[in-house]
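Here is the structure we will look at.
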Amino acid sequence: MRFETKAIRLAHTPDPTTNAVISALHLSTTYQFDEVGKNTGYDYGRSINPTRIAMERVLAGLEDGEHCISFSSGMAATDALLSVLVPGDEVVSARNLYGGTIRLFESIYIPRGVKFIYVDGTAPDDFAKVITPRTRMVWLETPTNPQLQIFDIALFSDLAKAKGTSLIVDNTFASPYCQQPLALGADVVLHSTTKYIAGHHDVIGGALITSNAWWNEKMRFFQNTAGAVPGPFDCYQTIRGLKTLAIRMRAHEANAVALARHLEKHPFVKEVLFPGLANHPQHELAKKQMTGFGGMLSFNIRAGSNAVNALAKALRVFHFAESLGGTESLICHPTTMSHAVMTEEDRQRAGITEAMIRVSVGIEHPDDLIEDIDRALAAAQKA
Ligand SMILES: *Cc1c(COP(=O)(O)O)cnc(C)c1O
């Protein structure tokens, strides 16, 4: 089956009582035993839930992985991966990560004795040099947030394999429609399903997809043991969202291309960061490893935070809000919002300036988006 078909057909769970076409939303937290030691395989809702299993089946299929283990948020999925670490272990990570991931690394795992080594993802040689026998995982987020840098997953996979360590790829920004890291050699794919996967700004969730038996066993055990499972209704909403992932991603990308081209010509815009533009530093790599450029872009305006505030207040179609990947277009100011937890120095090193604006391009009519951003840029210019 192709992607679009899997997104729809894998969601189906046979129901012999009704032959329902749509999988049921199972809310029961407990299941009856037939006799001592004999049940249907379903016993307790934290351990197993039919709606959750249906969602995990679709997600595994769309990433072409054998297993999916889902969680109550992207951060809970991240925490599950890190839970295998013991004091003295090391994680080598490409710089430029989601702000919450950095906060989890630094405020929870550093005090527990885990070491994080950050390197420039565009210079993979750096990686090879810092990998030691204590390196338990190599961590990659591509495209990055908010600079939209692209890192070479296949190259990192080769390096990680040569050193006997696992490659984790956070695929949230691309979605499985635009990028399939397992096929490029990643061991585990991480998603905040809150974003493109669920796609409508109404679910918080996370998932790990892997074909690696060791990771599957560890993560399945952790899911049940630590218990940060997604609720059945969230799984139901996510299954529904996934059915339109392909058509949504095509619409997100078409709108992002239109907006990026428009912004590039705008006199008040200094620089547009979008992997689909020919002048993006890793455009060729994006074309090679991605099957679409996605719907995220960032740009720098020719002014500081006063102007950003005027821009934010002038928006009528875009929402000035965090998060990404839903039908509604969002504009975010990384310095004061998504990346506020970073120190000023770290932000500078990551290339996040006060004048940077991140856009999650939704699927409204592109002309309405362009008109809205022009009005907001005019207000910013006057500020
Ligand atoms: C949002 C996000 C996360 C965290 O996911 P939550 O669902 O908010 O917990 C992790 N990685 C990336 C790239 C994200 O955008």
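Just follow the structure's listing: the first ligand is 1, and inside any ligand the first atom is 1. Keep in mind the model is a prediction, meaning the values are calculated, not measured.
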Protein heavy-atom partner closest to [atom] - residue, atom, separation in Å:
atom: atom 8 (O) of ligand 1; result: Y98 OH, 3.9 Å
atom: atom 9 (O) of ligand 1; result: M75 N, 2.9 Å
atom: atom 14 (C) of ligand 1; result: K195 NZ, 3.0 Å

Practice task
Return yes when S323 approaches ligand 1 closer than 4.0 angstrom through a heavy atom, no otherwise.
Solution key: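 Contact check S323 vs ligand 1: negative.
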
Practice task
Tell me, please: is N145 in heavy-atom contact with ligand 1, that is, under 4.0 Å?
Solution key: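 No, that is not the case, since the closest heavy atom of the residue is not under 4.0 Å from the ligand.
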
Please could you name the atoms of ligand 1 that [X] approaches to less than 4.0 Å, counting only its heavy atoms?
X: S192; value: 1 (C), 2 (C), 3 (C), 4 (C), 5 (O), 6 (P), 7 (O)
X: G205; value: 7 (O)
X: D170; value: 10 (C), 11 (N), 12 (C), 13 (C)

Exercise for the section: Give a yes/no verdict on a cation-pi contact between K243 and Y236, requiring under 6.0 Å between NZ or CZ and the six-membered ring centre and an angle within 45° of the axis. Expected result: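 Judged by the rule (NZ or CZ under 6.0 Å from the ring centre, within 45° of its axis), K243 is not positioned above Y236.
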
Handout entry: Which atom of A160 lies closest to which atom of L167, heavy atoms considered
Key =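 Nearest pair, atom of A160 first, then L167: CB-CB, 4.2 Å.
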
Problem - Minimum heavy-atom distance I352-P334, with the two atoms named - result: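 Smallest heavy-atom distance, with atoms named: CG2-CB, 3.8 Å.
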
Got an N/O contact under 3.5 Å between [X] and ligand 1?
X: I204; value: no
X: T194; value: yes
X: G74; value: yes

Exercise for the section: Without swapping roles, check the side chain of H252 against the backbone of V361 for a donor-acceptor pair under 3.5 Å. Expected result: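 Yes; at least one donor-acceptor contact below 3.5 Å.
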
Exercise for the section: Start with the C-alpha distance between E253 and R248, add both sets of side-chain angles, then the distance that settles salt bridge (charged side-chain N to carboxylate O under 4.0 Å, His left out), and finish with yes or no. Expected result: CA-CA 9 Å; E253 179 176 319; R248 281 190 285 111; over 6 Å; no

Problem - Stepwise ring-ring contact (aromatic ring centres under 6.0 Å, His included) check, F116 with Y109 - result: CA-CA 9 Å; F116 294 88; Y109 282 90; 7.0 Å; no

Handout entry: Lys/Arg-Asp/Glu bridge criterion (N-O < 4.0 Å) met for E4, R250
Key =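 Counted as a salt bridge, because a side-chain N and a carboxylate O are separated by less than 4.0 Å.
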
Problem - Lys/Arg-Asp/Glu bridge criterion (N-O < 4.0 Å) met for D89, R134 - result: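 Judged by the 4.0 Å cut-off on N to carboxylate O distance, D89 and R134 do form a salt bridge.
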
